[in-house]
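Below, chains carry the letters A, B, ... as their sequence lines are ordered, and counting in each starts from 1.
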Amino acid sequence: MKFDVQALDRKWQRYWKEHKTYRTATTTGKPKYYVLDMFPYPSGSGLHVGHPLGYIGSDIVARQKRQAGYNVLHPMGFDAFGLPAEQYAIDTGVHPSESTAVNTARYREQMETLGLSFDWDRSVNTSDPDYFKWTQWIIGQVFEHWYDTEQDRARPIAELIDLLEQEGTSGVRAAETEPLDVTAEDFRGMGPKERSDLLMNYRLAFRSVSYVNWCEALGTVLANDEVKDGRSERGNHPVEQRPMLQWSLRITAYAERLLAGLDTVDYSEGLKAQQVNWIGKSTGALVHFDIEGHDRQLDVFTTRPDTIFGTTFMVIAPELELVDELTTPAQRQEIDDYLAYVGRRSEVDRMSENKVTGAFTGAYAINPLNEARVPIYIAEYVLKDYGTGAIMAVPSDDERDKRFAQKFGIDIIEVVDKTDYPGASLKDKLGKLINSGFLDGMEVPEAIEAATQRIETLGRGERQINYRIRDLVFSRQRYWGEPWPIVYDADDVPQLVPTEELPVTLPEMDDFRAVSGASPLERATDWINTPSGRRETDTMPATAGSNWYYLRYMDPHNPGEFVSKEAVDYWRDVDLYVGGAEHAVSHILYSRLIHKFLFDLDKVPTREPYKKLLNQGMIGGPISYVHLGVLLADDGQRHPIWVGSDVAEGTPLDVPGVGKGYLVLDESSGTRLTPIRFVTETSVNNESSFRLYKHAVEEAQQSDQQDAAYFRTILQQAGAFAWTLDKEGRPYLELSVEQGKMSKRKYNAVNPDDICARYGADCFRMYEMFLGPIDQAKPWSVSGIDGVYRFLRRYWNLFVGNDDQLNVSEGEATKEELKVLHTLLKKVGEDIDKLSFNTCISAFMVATNELTKLGCNKRAILEPTVRLIAPFAPHVAEELHAALGGSGSVHHANWPEAVDKYLVEDSFTYPIAFNGKTRLTLDFPAGASREDVEAGARADTQVQGYLDGKSVRKVIVVPGRMVNFVVA
RNA sequence: GCCGCCAUGGCGGAAUUGGUAGACGCGCUGGAUUCAAAAUCCAGUUCCUUCGGGAGUGUGGGUUCGAUUCCCACUGGCGGUACCA
C-alpha cells in the first residue's frame, strides 16, 4: 500500500458515494445531533479556500458525533434564488435555472473533493418548485395571521375578523401599522375591498405604501441590510428613499421575543450585540404637546422625559404631512425652500455631509409641564421612521439639539448639573436636575421616573418602548425569486393562492430586465391573468428561501407538508450552526423570526432554531495593486502610465514609447490603484514584496486569449509600464498590497481543488484547521502545508514499512505507549468539544513524533488513533482501517475514549520559583505532601544556593503544581 | 462617535480554575544521507549577555507569594453600525 493521496481520495470518495455511507435515517433509537452549514449561493466562480474552513470544522464535528453514537443530520443545499444569476442571464441570455444548475453541480463536486460527509439525498435547492412551494406556503401563513400583543403570539386572521365584528378596533390589542378607530358596526358594514385594506393594518405579511430603498440600477427595492452607506450592497449602486406599494413582514411584532431569545442561545457576544443593536430597543415616554392654534397634538418619543424643562424647541421630520398643516403663511417660502433642498439631497449626501440644517414652521407647541411656548422647526436630522418622527429638543443635554440651537440662536436652558460626574458626556444619564420645577435636586434616574409618572398622571403621555428595527420589506421587482402566492380578485382584494395550487411557478421568459419599478413578470401577460384574478408580480427576496431551510432538511421530500411533525419532533433544532459572520444580522434574525412564527402555529417544538452558532473567520488573501500615474513629458503632454508603488512624485522617468519627463500622481485621488494578476511574490531584506514582472506580462500576452485580453484592457487605461530593474536586471513594478476578502475580481482567490489535487483532501482539511482558531480571521498562505503533509506521511509510516507493506505488530503496549495514546485521546476529545481544531492537529503531531521515537508499531496503540483521526483525515483513516482488517467504514466505528488510569504520573516535575521567578525544576513523587515537597526543595543544593544569605519569608507549595520561595 | 472582537518569537499560533511563556508547524542555521539535487532524518533556533546571569506576552498602572490569564486607563488593528431622540 502506497501513500498515494490522489488514489486514496478517488477510491474512498467513490466508496462513500456507492455505499451511501453518510445517509441519515430519521427514526432510530439513537440521540440526534444536527450540524448545519450555512448553505452557499452557487456563484459562477466556485468555492475558494475561504469557504471550506467552516465546512471542514462542521464536518469534523459531524463525523465525531456519528462515531460517538449520535444519529447525525449533516446536510447541504443551495440558496439558489438571487440577483447574480439574473444579472448573468440579462448579460448572456442564459436562463437562471440553467446557470444555477451548472454552478450547483460544480459546488457539489468541489465539496465531494473535500471529503465532506453530507447526506446528499437530503439536499435542497431554494429555486426548486418542490422546495419553494413551501416557502410560498409559509409566507402565505404569515399573511393569514396577525399578532395579538396580549397573548403575545400570532393568531389566525379569521379570529381577528371575529373580534372586529364583535368589538371593533377597541377590542383588538395587536401589532399594527397605525392605530385605527373603527367600530364593530362600521366593520360589519364594510365591503370586501375596504375590509381587506383594514386587515392589512394587522396582517403579519402586509402590503402598504412606505418609504423604501429604491435602487434604480437594479430596478428593485432593497431591504435595509442590503444597503450599505446609501448604496446597494450588491453592485454598489446608489439607493434612494421612495414611497412605494410593497409587501412587508411585520418583524417589529416579534422584536421583544427576538431580543429575549438571545439569552437562551449560545452565540458569540459580538453576534448577540449586533442583533441587539439592530433591534435597537429604547425605553422612554411618549409625550403629547399641544400645538398653539391647532386642534391636534404633536407627539414625541423621548428617553429623557426628565429633561423636559430644558425643551426650547421642537423638531419634526420634513417628510411628515403635518409640516404642511403647521406652516404659517409667513414661513411658507422658507419651508418650501428647505423641502426642495431636502428633496435634492441623496442619501449619500446626507450621510457624508452631516450638516446642521432646518427651517422654522412658524408654529409653536406648548410644554405640558410648564406651559412654555416653544417653536416648531423641521430638520433633516430628525428621521421620519423613528419614534413619531418628531422630537422635543433639549439643547442642554443632546449634542445634535445643541448644534441646532447654536446655529439658529435658540435658548439653551441647563437642566442637568453634571458637576458631580466629571468626564460624563451629554448623553450619559448622570447628574442632578436643576431649573426643572418639581424635579429639582433629583438624580437623573429618579427624575426620569418622576417625570414619566407626572406626564401619565396629567394624561399628557405614557411610557413607551421603541425599537429601531423596521418592518422587513419583502417584495422585489425581479424575476429570479419566489412569486408571491397572491391573486387580486375582481374587487382588487388580495387572495392567497390555496395550498393545492402551490407552487406558483415562474413563467418562462427570455428577457428578465426590470423596467423602472415594474417587475419583469408584468410582461408575462398569460401568466398574470388567471380565472380567479390577476397575479401579484412581485417576487420574494433571497432571504425567503433561507429563512426555513434547516427545517426542510429534516424531511426533504415530503410532498404534503413543509416538514412532518414526526421529523421535526425528532430533529427539533440545529445543535451547531456554522457559517460566515456576514450573515450575523439578517439571515439569523429573519430565520429566528420565521421559527418563532412557526412556533406560534405549533409547527415547531422549539423557540429558537439554532442552539449554538459558530462564525468561522474569513480567510483573506493579498490583493496586489498597480499604481496609475501620469508622465508629464518634456513637451508638456500628459501620458497615463503604470508605475511602481515605490516611485515618488517628481521622479524623472524615461519610458520607451512614451517619452522623457516627470512622474505626476493623479490629482483627484492621489493615486489610482487597480488590482492586478500575474503577481510574483519575492522576499527582499526578509520582507515579502509583490511585483509585476515584465516577463510575466509578456508571457501572459502570448498565452491564451483570456490572459492576452486581460492585458489589452489594462493597457487601455494606460499605454505603458514604467519598469524598474531588479538586482538581476529584470524589469518589474513594485505593487502595493493589502489583505482582503478573497474575490475573483481582486485576483486573490485560491481554489481548493488545486490544493487537494496536489496534497490530497486530508492534507488540505488538516492544514486549514491547523491555521489557527476557526473563528479568527487569517490570511491564506500556502507556506506550512508541507509540514502537515510531512506529518500525514510520518503518521502513515507508523503503519507501513519502507516496502509499502502493512507493518503492524501484535505486541503488548508498554505503559509509556499507552500514556501517549491516552493523552492524545483525551486532548482530541476535549478539543473537538471546544471546537478547537488547530490544537487537535498539534496533538496528533506530538503523538506521532513520540510514537515514531518509541518505534511503536503495535496494533493496540495504532488502531485507536485511526478511529480518532477519521474526522480530520477521512480518506487516510478509511484506508488504514481497511488495511488493519476493520469491518465496514471507519466512520461508523466507535469513538475511542481516553482511560484516566493510563494518564497517571509517578512523579511530577515541580518548577521552583523565587519571588515568582522560576529558576529550576525538581522531581518529586506524584503523591508527595506539601511538607515533603518543601523539605525536599530546601534540601536541594541548587535551592540552597538561591537561598544563601537571604531570609525565607514564606514558602508556597501547591502540590502537583509549583513551589515558590518568597525571600528578602 | 457608539458596540463587539483582537494584540504573545522572523511567521501562523499554543499555554487547564492565575502556577515551568513560546507547545505544534513554517522559516532559518548546522549536520547525516547523496556524485549532486530533491526528498528524508538528526540537532539548534524569544531577545540581550562580561556566559554568572538578566529581560520578556501592544503601552502605563493595580490586585496577588505568583499575571499572557483578573481589574483600571491608554494605543493600535479588524468587524459591525451610525443624526435612532
Checklist line | Separation of I412(A) CD1 from D397(A) CG (nearest 0.5 Å) | finding: 10.5 Å
Notebook entry, point to check: How far does OG1 of T839(A) sit from CE of M769(A), to the nearest 0.5 angstrom?
Noted result: 12.0 Å
N/O contacts under 3.5 Å, protein versus nucleotides 4-7 of chain B?
from: G4(B); atom 1: O2'; to: G270(A); atom 2: N; distance (Å): 3.3

Check: If you look only at pairs with a residue in residues 766-780 of chain A, which of them pass as a side chain to side chain donor-acceptor pair (under 3.5 Å), with sequence neighbours excluded?
Finding: none
Item checked: Pair listing, side chain to side chain donor-acceptor pair (under 3.5 Å) test, anchored in residues 819-829 of chain A, at least two apart -> K819(A)-E905(A), K827(A)-D831(A)
Between [atom2] on [N] and [atom1] on [X], what's the gap in Å once rounded to a whole number?
| X | N | atom1 | atom2 | answer |
| --- | --- | --- | --- | --- |
| H583(A) | G79(B) | NE2 | P | 16 Å |
| E830(A) | A15(B) | CD | P | 12 Å |
| R468(A) | G80(B) | CZ | C1' | 10 Å |
| Y759(A) | C26(B) | OH | P | 12 Å |
| E399(A) | C83(B) | CD | P | 15 Å |
| D900(A) | U16(B) | CG | C1' | 14 Å |
| D398(A) | A82(B) | CG | P | 18 Å |
| M962(A) | U64(B) | CE | P | 16 Å |

Just compare [options] and give me whichever is closest to any side-chain atom of [X].
| X | options | value |
| --- | --- | --- |
| V846(A) | A21(B), C24(B), A82(B) | C24(B) |
| F770(A) | A82(B), G25(B), C65(B) | G25(B) |
| T918(A) | A21(B), G19(B), C84(B) | A21(B) |
| S282(A) | C24(B), A85(B), C83(B) | A85(B) |
| M845(A) | C24(B), C3(B), C83(B) | C24(B) |
| T921(A) | C24(B), U20(B), C84(B) | U20(B) |
| S842(A) | C24(B), C65(B), U81(B) | C24(B) |

Nearest-angstrom distance, [atom1] atom, [N] to [M]:
| N | M | atom1 | value |
| --- | --- | --- | --- |
| U57(B) | C47(B) | C1' | 13 Å |
| A23(B) | C84(B) | C1' | 49 Å |
| U64(B) | C71(B) | C1' | 12 Å |
| G19(B) | C70(B) | P | 11 Å |
| G30(B) | G80(B) | P | 46 Å |

Note to self: If the glycosidic angle sits within 90 degrees of zero it is syn, else anti. Tell me which applies to G53(B).
What the structure shows: anti
Check: Is the glycosidic torsion of G9(B) within 90° of 0, making it syn, or is it anti?
Finding: syn
Checklist line | Side-chain heavy atoms of V846(A) within contact of F844(A), under 4.5 Å | finding: no
Heavy atoms under 4.0 Å, any strand shown: does [X] hit a base, just sugar-phosphate, or nothing?
| X | result |
| --- | --- |
| N964(A) | base |
| D775(A) | nothing |
| T839(A) | sugar-phosphate |
| V382(A) | base |
| P773(A) | sugar-phosphate |
| L771(A) | sugar-phosphate |
| D401(A) | nothing |

Could I get a table of every N or O pair under 3.5 Å where one atom is in the protein and the other is in nucleotides 40-47 of chain B?
from: U40(B); atom 1: OP2; to: R790(A); atom 2: NH1; distance (Å): 3.4

Under 3.5 Å, sequence neighbours excluded: what are the donor-acceptor pairs made by side chains of residues 918-925 of chain A?
from: D923(A); atom 1: OD1; to: T909(A); atom 2: OG1; distance (Å): 2.8

Does [X] have any side chain to side chain donor-acceptor pair (under 3.5 Å) partners at least two apart in sequence or in another chain, and if so, which?
| X | result |
| --- | --- |
| N367(A) | N370(A) |
| R460(A) | D290(A) |
| S781(A) | S783(A) |
| E850(A) | none |

Checklist line | Earlier contact from the 5' end, RNA chain B, for G787(A) and G916(A) | finding: G787(A)
Next item on the list: Hey, which sits more toward the 5' end of RNA chain B by its nearest nucleotide, N915(A) or G387(A)?
Entry: N915(A)
Next item on the list: State whether K281(A) and E256(A) are salt-bridged, where the test is any N-O pair (Lys NZ or Arg NE/NH1/NH2 against Asp/Glu carboxylate O) under 4.0 Å.
Entry: yes
Check: Do the ring planes of F799(A) and Y795(A) sit parallel (below 30°), tilted (30 to 60°) or perpendicular (above 60°)?
Finding: perpendicular
Notebook entry, point to check: Under 30°, 30 to 60°, or over 60°: which ring-plane class applies to Y789(A) and Y759(A), parallel, tilted or perpendicular?
Noted result: perpendicular
Item checked: Contacts of E399(A) that satisfy salt bridge (Lys or Arg N to Asp or Glu O under 4.0 Å) - sequence neighbours left out -> none
Phosphate oxygens OP1/OP2 of [N]: is one of them under 4.0 Å from a side-chain N or O of [X]?
| X | N | result |
| --- | --- | --- |
| N838(A) | A14(B) | yes |
| S836(A) | G13(B) | no |
| N849(A) | G25(B) | yes |

Notebook entry, point to check: Do other residues, nucleotides or ligands put more than 12 heavy atoms under 6.0 Å from the CZ atom of R463(A)?
Noted result: yes
Note to self: Using the rule given for salt bridge (Lys or Arg N to Asp or Glu O under 4.0 Å), can you reason through R304(A) versus D306(A), listing the C-alpha separation, both sets of side-chain angles and the distance that settles it, and then say yes or no?
What the structure shows: CA-CA 5 Å; R304(A) 294 296 302 274; D306(A) 58 313; 3.0 Å; yes
Note to self: Under a plain distance cut-off of 3.5 Å, with no hydrogens placed, do Y467(A) and S282(A) share a side-chain donor-acceptor pair?
What the structure shows: no
Listed pairs, N/O of protein and of nucleotides 54-62 of chain B, under 3.5 Å:
from: G54(B); atom 1: OP2; to: R919(A); atom 2: NH1; distance (Å): 3.2

Item checked: Bracket notation of RNA chain B in which parentheses pair within the strand, [ ] cross earlier pairs, and | pairs with another strand (Watson-Crick or G-U, under 3.5 Å) -> (((((((..(((......[....)))((((((.......))))))(((....)))..(((((..]....))))))))))))....
